[in-house]
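Position 1 is the first residue of the sequence, and the numbers go up from there. All values below were derived from every heavy atom in this structure, side-chain atoms included, with hydrogens, water molecules and symmetry-related copies excluded.
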Amino acid sequence: MKKILAFFLTFSLSLTLQLHAQCPTVDIETLMADINADSLRQTVLDLQNFGNRYALREGGNQNVAEYVAGRLNAYGIPAIVDTFHESGNHWIGGPYDQLFYNVKGILAPSAQADDSLVLIGAHLDAIAMDPGMNLLSYTPGADDNASGVAVMLEMARICHLHGLQFSRPVHFMAYDGEELGLFGSVHDAWVRQDAGEKIAVMLNNDMVSYQPTDDWRLTLHWYSNALDIVARAAEICTQYTDIEPYIPSSNANDDAQRSDSYAYYQQGFRAVFAIENIFSTSYHTDHDVADSNNYDYLAHVAKYNLAMLLEYANAATVSVNNIVVAPQLHAYPNPVSDRMMLQYQLAESSNVEVFVTDLTGRTMLHQTEGSQSAGSHFAEVDLAQLPAGMYLCRLHTAAGSATVKVVKQ
Ligand SMILES: [Zn+2]
């Protein structure tokens, strides 16, 4: 029995190795299936077990950064702790004059498509306060933001597991001092801008694991220089995950400024910022612990990130043909009270018009979007002037039209 088993193991192992040598492609669904909720949970626990990740504590976050860099190195992704100095007087933490610790890992491309790179990042520091705003020394920061770091490390694990090869460098980043005012990302984005680097997309995940209900949604905060990216991100969520994407309208997008991706936007880089749609009830408290997270939801957030990474970093060894989706029209939010985001995709460039009609076909609103290129887009429509009720929102293009039913509150 043992001998037969050993034979089969040897045989199947050599067959697998041969297949990899001859046919170095892997289907995206296979990669998705390898994203693991327990793996994500272990990273969150490891980070929580530091006890305190407050950036201004004695010794700072050097030990945390070394842990994250060690994880990347173990996945064959050369990583360093990028140390920088800051001093000042913080409104919460008081005077400081010390070192901060980012992590930077780089997966080199197998063949370079162009001079741009793809970056996935999350902040490694945490903060906790009591109701009187006094700082606490236990900062588990499980959702904020061990969850985001866990997604970043899960991407590294999947890349390593399948020996994925890309045609753009993939930079894996963890930031220190986010809670003090985006210290780590401001530092990194400035250095990159100064060096003339080009970034195809910066994927930021900050608070992506609190999900107490069955109604899974992910908010995608956007930046005005990267509207096509958020539109594509929403499509990818719909196609590859059980999470419904949520694109805030411009008057609900202020939180785009409150995480690391904003530092990149300020330097002219393109980014998208994913955050749980139901905001954690343990935000910045010592109750933000690993047991409060939903790891199945987090695994789907990781799937969204993986599909984005494969697409924007041009994974050479992954068959990604099935990423292309049929033209669809989505409306966020729905029901809507005033402004609504319509997300759509064009197979080729076209003039785009939006018509909102009532159920009898009467046109209530007509908006011209002008000529739009092939790819993902979204249009903002203000329904504030319409009476409450049900409407049909129709997107008209040269290739045809698509309609979505919208409820105005
Ligand atoms: Zn955060």
Side-chain angles (χ1 to χ4, degrees), residues 28 112-118 166-168 198-203 220-240 245-250 253 256 261 264-265 268-273 304 307-316 318-334 336 339-357 363-383 391-406:
I28 189 168
Q112 191 128 2
D114 55 26
D115 56 356
S116 57
L117 59 93
V118 168
F166 296 94
S167 53
R168 282 176 173 153
K198 291 180 186 165
I199 300 178
V201 66
M202 186 271 175
L203 301 170
L220 299 166
H221 284 297
W222 48 271
Y223 301 92
S224 57
N225 65 346
L227 300 183
D228 57 320
I229 290 176
V230 73
R232 189 70 191 119
E235 284 172 351
I236 276 177
C237 266
T238 305
Q239 191 179 7
Y240 288 108
Y246 179 85
I247 302 176
S249 57
S250 56
N253 195 44
S261 35
Y264 290 86
Y265 166 70
F269 296 123
R270 282 149 53 81
V272 61
F273 163 24
Y304 142 74
M308 289 291 281
L309 198 63
L310 296 174
E311 182 162 315
Y312 283 89
N314 299 323
V318 181
S319 51
V320 289
N321 294 340
N322 58 355
I323 276 186
V324 177
V325 295
Q328 284 174 320
L329 178 64
H330 298 278
Y332 309 99
N334 192 4
V336 57
R339 295 188 208 188
M340 176 177 75
M341 292 305 210
L342 288 176
Q343 184 245 310
Y344 61 96
Q345 189 184 46
L346 297 178
E348 49 194 56
S349 64
S350 167
N351 272 311
V352 174
E353 290 181 277
V354 177
F355 297 88
V356 178
T357 60
T363 299
M364 308 298 284
L365 192 152
H366 174 212
Q367 185 169 315
T368 302
E369 294 296 304
S371 179
Q372 300 287 337
S373 57
S376 300
H377 301 275
F378 66 117
E380 183 157 14
V381 180
D382 192 348
L383 303 182
Y391 295 91
L392 295 176
C393 190
R394 184 165 60 92
L395 188 88
H396 186 75
T397 75
S401 56
T403 303
V404 63
K405 204 180 279 183
V406 173

So, for [X] and [Y], which heavy atoms are closest and what is the spacing to 0.1 Å?
X	Y	value
N225	R270	O-NH1, 2.8 Å
A226	A271	CB-O, 3.8 Å
A231	S376	CB-CB, 3.5 Å
P333	M340	O-CG, 4.1 Å
I229	A200	CD1-O, 3.7 Å
Y223	A256	OH-O, 2.6 Å

Side chain proximity check, [X] to [Y], heavy atoms < 4.5 angstrom:
X	Y	result
L220	Y304	yes
Y312	L203	no
V272	S261	no
D382	Q367	no
V406	V356	no

> When the ring planes of F269 and Y264 are compared, do they come out parallel, tilted or perpendicular, using 30° and 60° as the limits?
Replying inline: tilted
Short side-chain to backbone donor-acceptor contact, [X] and [Y], under 3.5 Å:
X	Y	value
Y246	Y332	no
N253	W222	yes
N314	F166	no
N334	K405	yes

Output the distance between atom [atom1] ([X]) and atom [atom2] ([Y]), rounded to the nearest 0.5 Å.
X	Y	atom1	atom2	value
L227	M341	CG	CE	7.5 Å
S350	H396	OG	NE2	7.5 Å
E311	I28	CD	CD1	8.5 Å
M202	L117	CE	CG	11.0 Å
T397	Q345	OG1	CD	11.5 Å
D115	K198	CG	NZ	3.5 Å

> Are V404 and H330 close enough, and set up right, to give a side-chain contact (heavy atoms from CB on, under 4.5 Å), and what steps lead you there?
Replying inline: CA-CA 7 Å; V404 63; H330 298 278; over 6 Å; no
> If you measure only the distance, is there a donor-acceptor pair under 3.5 Å linking the side chains of R339 and S250?
Replying inline: yes
> Between H377, E235, R232, which is the residue that forms a side chain to side chain donor-acceptor pair (under 3.5 Å) with Q343?
Replying inline: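 So the option named by the test is E235.
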> Of L395, L392, T357, which meets side-chain contact (heavy atoms from CB on, under 4.5 Å) against T403?
Replying inline: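 Of the listed residues L395, L392, T357, the side-chain contact (heavy atoms from CB on, under 4.5 Å) partner of T403 is L392.
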> After noting the C-alpha distance and the side-chain angles of V118 and M308, does the key distance pass the side-chain contact (heavy atoms from CB on, under 4.5 Å) rule?
Replying inline: CA-CA 10 Å; V118 168; M308 289 291 281; over 6 Å; no
